[in-house]
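Everything on this sheet refers to the single structure shown next.
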Amino acid sequence: TPAGSLYSRHCFARVWIPDADEVWKSAELTKNYKHGDSTLHLTLEDGMDIEHKLDDKTKNLPHLRNPDILVGENDLTALSYLHEPAVLHNLKVRFTDSKLIYTYCGIVLVAINPYENLPIYGSDIINAYSGQNMGDMDPHIFAVAEEAYKQMARDERNQSIIVSGESGAGKTVSAKYAMRYFATVSGAATEANVEEKVLASNPIMEMPKGSDDSWAQKLYNTHLKTCSLFEKPRMSNKAFIIQHFADKVQYQCDGFLEKNKDTVNEEQINVLKASKLDLLVELFQDEEKVTSPTGTAPGGRTRLSVKPKEIRSGASSKEHKKTVGCQFRNSLAMLMETLNATTPHYVRCIKPNDLKFPFTFDPKRAVQQLRACGVLETIRISAAGFPSRWTYQEFFSRYRVLMKQKDVLSDRRLTCRNVLEKLVQDQDKYQFGKTKIFFRAGQVAYLEKLRADKLRKACVRIQKTIRCWLVRKKYLRKKHAAITIQRYTRGHQARWSYMRRTLAAITIQKFQRMCVQRKLYLQKQAAALVMQTILRAYMARQKYQGLLRNHKAVFIQKHVRGWLARQRYKRSLRAIVYLQCCIRRMKAKKELKKLKIEARSVEHFKKLNVGMENKIMQLQRKLDEQAKDNRVTSERLNSLETSHAVESEKLKVEVSKLKGIEEEAKNNANRVTSLLEELERLRKELTTTQKEKKTIEDWATKYRDEMEKMVAELKQQNGLLKTEKDDLNRMIKEQSQQMTEKMTRALVEETQQLESDLNEERSRYQNLLTEHLRLEERYDDLKEEITLSSVPKPGHRRTDSTHSSNGSECTYNSEFAESEESSRHGEVSGDVTRGMDTSLTLKLQKRVTELEQEKSSLRNELENKEEQFQRARVREHKKSRGAELEYESLKRQELDSENKKLKHDLTAMRQSLLGNAGAGAGAPGSPPYKVLMDQLNSSCEELEVRKEEVLILRSQLVSQKEAMQHKETMTEPVHYAEDVHKMKDSGAITQAYLGLKETNRLLEGQMQQQRRSYDNEVEVLRGELQSVKEENNRQQQLLAQNLQLPPEARIEASLQHEITRLTNENLDLMEQLEKQDKTIRKLKKQLKVFSKKIGEMGAGHVETISPGQMVEETVRPVNIPRREKDFQGMLEYKKEDELKLVKNLILELKPRGVAVNLIPGLPAYILFMCLRHADYVNDDQKVRTLLTSTINSIKKILKKRGDDFETVSFWLSNTCRFLHCLKQYSGDESFMKHNTPKQNDHCLSNFDLAEYRQVLSDLAIQIYQQLIKCMESILQPMIVSGMLEHETIQGVSGVKPTGLRKRTSSIADEGTYTLESILRQLSAFHSTMCQHGTDPELIKQVVKQQFYIIGAVTLNNLLLRKDMCSWSKGMQIRYNVSQLEEWLRDKSLMLCGAKETLEPLIQAAQLLQVKKKTDEDAEAICSMCNSLSTSQIVKVLNLYTPVNEFEERVSVTFIRTIQTRLRDRCETPQLLMDTKIIYPVTFPFNPSSLALETIQIPGSLNLAFLTRV
């Protein structure tokens, strides 16, 4: 590119000129440079104009300054102009303005010592850099360490990090942080030991005999004349100068020999060699024993050394008399050999100032180090090649503005080639690669200049067009206004001129005609009369035409104005009506809310203000009376004015008559005198009338003033009263609002405190579970390793110790599991491998043994208890029963009579209710009446059931009695006695009789109890009727009182009363409903027990009778109805089929395939139905083994396929459903509220499984945590690419040039993740969980955790990537967040708390987009970013980088203002968010409406051995 095109003031060219203090200064050209000019006209940044003289010999122009968008780049090789001032300025901007101490320079990491502790070395930063590419994150010592660690693991080649710099530049600290990184990512024990080793690893630098002067003279004599790189200082004889490749370095000889003359005594070396410490022996080992550079020293350590040169025979006596300098030289040679055998990574530490001030940059000291350390040489090497590199897509996206539509082709590579050939004529300035374009130094700046010029022209054109449009619009508006004003003015002037001319013409004609008529009156009276007639007719026609025109114009104007007025009125009316509707709705809502809040407090304040309201009402009544008097007075005044107007009209008519008379008097000379007298009289009357009128007007004015004054006073008093009333109402409202707000605030604070405490407890408990899981995994791994070591097997063998387990080991084990564990313990008890944690193994084995002993003792105790219970039941059944059948028959008759009586009482009560149903709530059809009738009908049904049971018992007893009587008459007494004796011996009849007797007694007691309950219910209903009547009377009284109140108070009182009434009714109804539910459940349980006992008694009685007796006895047949036995929702299985059940239902069931077509939660339902049968048969062993096998099998399948999201989600859903089934059918009333009667019948009856519910809850928590980890592993690679790097809105994010370090492009390539990928994955997660029947509340918690991970990972990468902190990227992030919110809205998950987890990311995106200049902006940022910490806000502001030259950087002063305002915040200093946080999970009870008896087992599950019961 020609120099003239770049060194031009029109291009706003800026250059660097040398300076004695700052090394380089920035200046801007004020005059274009022409070839041959010897000076440049410049303006410095402080505004001073100077002339810079060019070198007379070389005529070299000063260095050009890079565009602002390239200033502060992460990699110095990304700068377009690669020279010393650009490097120095870039480092200064990053160090002082952005507080960034690390910068890439090709393959070198430049680290500037900040002399201040920075929060960028924590474990969160280490985790953020771990696994990342070196160019994807901001420059950091951790990035270099990660690159070395990754290459060592990938290439299996030794790596080295060479840290260089002056004393105090931070070499040791950098090495310490690198070692800390290695210790963290590799899992070392402690960081302190590593840091101590680094501090102790600094080589002895003490890189000869005699004196310092003699040594200096020897150097002068030897090298001064023979070596051109050796010089002697002019003013010193104890120093020398070495000409390095970068600059001259002066060395002082004072004390040099003193530091390097000490030798190590041979005896001391021998003593140290004989030490028992391996480290000392290794340090002073004979070098002959070392055979390789990486030999292994005693103790297993790897020692780096080199084999020394062969020692001459005469030097054996001086073998151990080596100086420290000699040892340093040998150590340095060994180090170089080691470095040559490794892949190097370079870190150059820079000392910014000699005073060690924090973040103070001294350009002189910095440039000296840059020149001496080789950084500038690296820059020169990069500048000689192609330092700027763009992909074709990046180049196209950045410089699309420089292309025309015809230049854009489908092939991006060809398009870029064509454009570059047009823009840059010299093809040596760029080269085309396979995927990138390579530019020489300065070409990117030239392209940026062309792009800026094009954008500037476009901006000017847009501004020109917009300003033209605004000015023209303003001109047209003024022109239209001027024309309108002119039109109306001219119309007004024309109308006024026409009227004036018409009036003047008429006046002239009148006087002219009068003069003519006077002259011709006597001579031509007849002719004058004819002429007057003609002229008057002509005038009448003219006047008629004028009036006609005026009338038509008025008619047209009237209709037009009327139409316009109607249109305006309609619009105003619609707007007013709509406004009134909105205001009234708003007032109604406020009033309703106020009524709800002040439901109780308002009445209290009203009682206090009864006197004030009465006073206000009296004043209002007085004001109404005064207003009424005022209206009467006004009416009188109006009537007087009307009469006065009539009189005035009459007078005007008389005046007109008088004028006519006067004209007649002129014509009639004879009547002049009389007419004059009459006229005088009329004038007097007129004067008198005028005086009277004036008197009346004065009186009316005075009266009106008095009335207005009185009305004003009344209005003022009324206003004061209203003000007092409003003040009182406002005080009442404010007090009630304050009380409500205070109560609400206290309630909210207490609720938040309780929620936080609960979450902390849950988190602590779940962390304990996680730790327990980890210990169990360790225990399982140890057992497996011990087993594998004790039983050797041929072939390759691997123990997957890193595989995660998904449940805590249950203390209850099945019998087969116990035998397996005991055999396993027997196999491994005698052999323990080397290197295992034997103490932990022994502790765990001891704990397992204790638990097994405790379990066996509990089992024995339980068996003893069961045996005692069985023996007690046998003893009870063997008790003798003695009573008579006649007594029982009498009791049965009494029961029948009682039943009839109760039925009669119920019928009478029903009739009385029907008879008293005249008014009130007891009328037929009313809710209380319906409830009562339902209760009575259900009671009647129960009575009918009891009656049938009594009839069945009676028939059985009668049959028994008849059989005995028949046997008594047919057999002899001796045989009868023997038979009776035999039956008594058997005890069958006695037992049956006593059982029936006991049953009758129970039935009798129950009937009496029911009768008492029915009497109580009748009394309650009567009381309710009485209360309803009282309520009706009270309602009437309140209605009468309300009718006397004003409308507002009436509405308020009625609403308050209605709310109170409804609340009381709801409470009463809820209480009644609870009582009825309890009574129904109690009666059903009793009925079930009695029916079961009756069935057992009847069966026992039948069994005692032999078949022969049944044939011989004649029993009267009784018709007993039987119900068909329905499916009870239980599954029976044999005990030996338990393993098959677990295997087919859990271990071999695949969620993807067979399980997809099943009912959600079917495995859980099947397991619970099997558990119900075990509970039904009262088999505790079966219950325990089934639950234990289920839990262990779920753990096993999750350990095997724990990385499969579908498997984990499937068993999380089924575990939760199994837990809900245990709660729903536990028999606990709190879990039975939503059950159907049939579901309540299916409740567990023998065992309380509360402990197992806790075990299942813990298992569900661990499965949930495994689900979160599995989901995080899937989402983690997508988040950064989809949320940050992918350009969702094409063309918004600008692309900046990259350096040698690879940086991920924002253009989506094939295989990269986009936002759509994240949304698709989230939808896949959601659909999978919904398909598996996961609880909605649990899905909400999972989604909340997902969004937290997305927000935290995105924000962390944003805080560590300077290239992502720009205005356009903020807009991209906000768009991406809006898409995530839209996804939540589509899935109806907006209230799950997921959106709130994205709040830090949203605020960071807003921070990138808001204005950042003034104090008002700082205040707005501080109030807006309440979810971000101070360090995060400052970090984002420091990293903010303009992508286009039209943007501005954030000033240091503004950042200081932000820090000052946020100084009092109480927050953690952590920079990054913790991505490992897992919110505590809860499992709200979710009952199932699915009936167990309707569940069908598909054949695909291979569960044919299960039997429905």
Side-chain angles (χ1 to χ4, degrees), residues 765 769 806-814 1081 1128-1133 1138 1141-1142 1145-1146 1159-1195 1198 1210-1264 1332-1338 1481-1495 1506 1509:
Y765 177 71
L769 285 178
N806 295 276
S808 63
E809 193 70 30
C810 183
T811 57
Y812 304 97
N813 296 318
S814 60
R1081 288 198 298 269
Q1128 297 299 320
M1130 292 185 291
L1131 294 174
E1132 182 180 4
Y1133 67 95
E1138 184 176 299
L1141 172 65
V1142 172
L1145 194 60
I1146 300 177
I1159 299 174
L1162 180 61
Y1165 288 120
I1166 293 175
L1167 291 172
F1168 179 73
M1169 292 163 71
C1170 296
L1171 183 67
R1172 275 201 62 225
H1173 184 267
D1175 174 78
Y1176 180 75
V1177 299
N1178 199 11
D1179 191 345
D1180 60 337
Q1181 186 69 18
K1182 200 172 184 180
V1183 171
R1184 183 164 57 249
T1185 56
L1186 178 61
L1187 287 171
T1188 305
S1189 302
T1190 300
I1191 294 172
N1192 291 335
S1193 300
I1194 293 175
K1195 293 179 181 178
L1198 290 173
F1210 179 78
W1211 284 113
L1212 176 62
S1213 173
N1214 281 275
T1215 304
C1216 292
R1217 177 48 54 201
F1218 191 43
L1219 177 62
H1220 295 329
C1221 287
L1222 290 179
K1223 292 181 180 179
Q1224 185 176 2
Y1225 297 98
S1226 63
D1228 192 352
E1229 292 185 359
S1230 60
F1231 297 129
M1232 297 170 59
K1233 294 180 180 180
H1234 304 285
N1235 288 2
T1236 62
K1238 192 69 174 178
Q1239 288 177 329
N1240 288 330
D1241 294 339
H1242 292 168
C1243 290
L1244 300 175
S1245 58
N1246 293 320
F1247 298 106
D1248 183 10
L1249 302 178
E1251 295 182 0
Y1252 274 100
R1253 292 205 301 265
Q1254 184 61 40
V1255 174
L1256 282 173
S1257 178
D1258 296 344
L1259 177 61
I1261 291 173
Q1262 294 165 7
I1263 299 175
Y1264 173 82
H1332 292 162
T1334 310
D1335 295 341
E1337 292 297 326
L1338 193 56
V1481 62
T1482 59
F1483 304 101
F1485 177 57
N1486 184 18
S1488 173
S1489 60
L1490 183 64
L1492 296 178
E1493 64 273 9
T1494 62
I1495 294 178
L1506 296 179
V1509 180

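If you read the sequence from its start, that first residue is 1, and numbering goes on from there.
Checked against side-chain contact (heavy atoms from CB on, under 4.5 Å), Ser1213 has the following partners two or more places apart in sequence or in another chain: His1332, Thr1334. Checked against ring-ring contact (aromatic ring centres under 6.0 Å, His included), Phe1168 has the following partners two or more places apart in sequence or in another chain: Tyr1225. Shown here are the side-chain contact (heavy atoms from CB on, under 4.5 Å) partners of Ser1489, two or more places apart in sequence or in another chain: there are none. Applying the side-chain contact (heavy atoms from CB on, under 4.5 Å) criterion to Thr1494, with sequence neighbours excluded, gives Leu1490, Ala1491. In this structure Asp1228 satisfies the side-chain hydrogen bond (donor to acceptor under 3.5 Å, both in side chains) test together with Ser1230, sequence neighbours excluded. Every residue was checked against the side-chain hydrogen bond (donor to acceptor under 3.5 Å, both in side chains) condition with Glu1229, not counting sequence neighbours, and none meets it. Partners of Arg1217 according to the salt bridge (Lys or Arg N to Asp or Glu O under 4.0 Å) rule, which considers only residues two or more places apart in sequence or in another chain, are Asp1335. With sequence neighbours excluded, the residues that form a ring-ring contact (aromatic ring centres under 6.0 Å, His included) with Phe1231 are Phe1485. With sequence neighbours left out, Tyr1165 forms a ring-ring contact (aromatic ring centres under 6.0 Å, His included) with no residue at all. When the side-chain hydrogen bond (donor to acceptor under 3.5 Å, both in side chains) test is applied to Asp1179, no partner is found at least two apart in sequence or on another chain. The side-chain contact (heavy atoms from CB on, under 4.5 Å) search around Ser1245 returns Asp1175, not counting sequence neighbours. By the salt bridge (Lys or Arg N to Asp or Glu O under 4.0 Å) test, Glu1337 pairs with Lys1340, sequence neighbours left out.
Rounding to the nearest 0.5 Å gives a distance of 6.0 Å between CG of Leu1212 and CD1 of Ile1263. With rounding to the nearest 0.5 angstrom, the CG atom of Leu1492 is 11.5 Å from the CG atom of Asp1241. Of the inter-residue distances, the one linking Asn1235 atom CG with Cys1243 atom SG reads 6.0 Å to the nearest 0.5 angstrom. Interatomic distance, CD1 of Ile1146 versus CG of Leu1141, reported as 7.0 Å (0.5 Å rounding). Interatomic distance, Leu1167 CG to Ser1189 OG, rounded to the nearest 0.5 Å: 10.0 Å. Rounding to the nearest 0.5 Å gives a distance of 9.5 Å between OG1 of Thr1482 and CD1 of Ile1261.
Here the closest non-hydrogen pair linking Met1232 and Asn1240 is CE-OD1, 3.2 Å. Residues Val1142 and Ser1193 come closest through the heavy atom pair CG1-OG, 2.5 Å. Considering all non-hydrogen atoms of both residues, Phe1247 and Leu1244 come closest at O-CB, 4.2 Å. Scanning all heavy atoms of the two residues, the minimum distance from Arg1172 to Met1130 falls at NH1-CG, 3.3 Å. The two residues Thr1185 and Glu1138 have their closest heavy-atom pair at OG1-OE1, 3.0 Å. Across all non-hydrogen atoms, the minimal contact from His1242 to Glu1493 is CE1-OE1, 2.8 Å.
For the pairing with Leu1219, the side-chain contact (heavy atoms from CB on, under 4.5 Å) check across Asn1214, Leu1256, Val1255 returns one residue only, Leu1256.
Between Leu1145 and Thr1190 the shortest side-chain heavy-atom distance does not fall below 4.5 Å. Side-chain contact between Lys1182 and His1173 is present, with at least one heavy-atom pair separated by less than 4.5 Å. Side-chain contact between Asn1246 and Val1183 is absent, with no heavy-atom pair separated by less than 4.5 Å. Within the 4.5 Å cutoff, the side chain of Arg1253 has heavy atoms near those of the Ser1226 side chain. Between Pro1336 and Asn1486, the closest side-chain pair of non-hydrogen atoms falls below 4.5 Å.
A donor-acceptor pair under 3.5 Å is formed between the side chain of Gln1224 and the backbone N or O of Ser1488. Looking at Thr1215, its side chain does come within 3.5 Å of a backbone N or O of Trp1211 through a donor-acceptor pair.
In the model, Gln1254 has a side-chain atom that pairs as donor or acceptor with a side-chain atom of Asp1258 under 3.5 Å.
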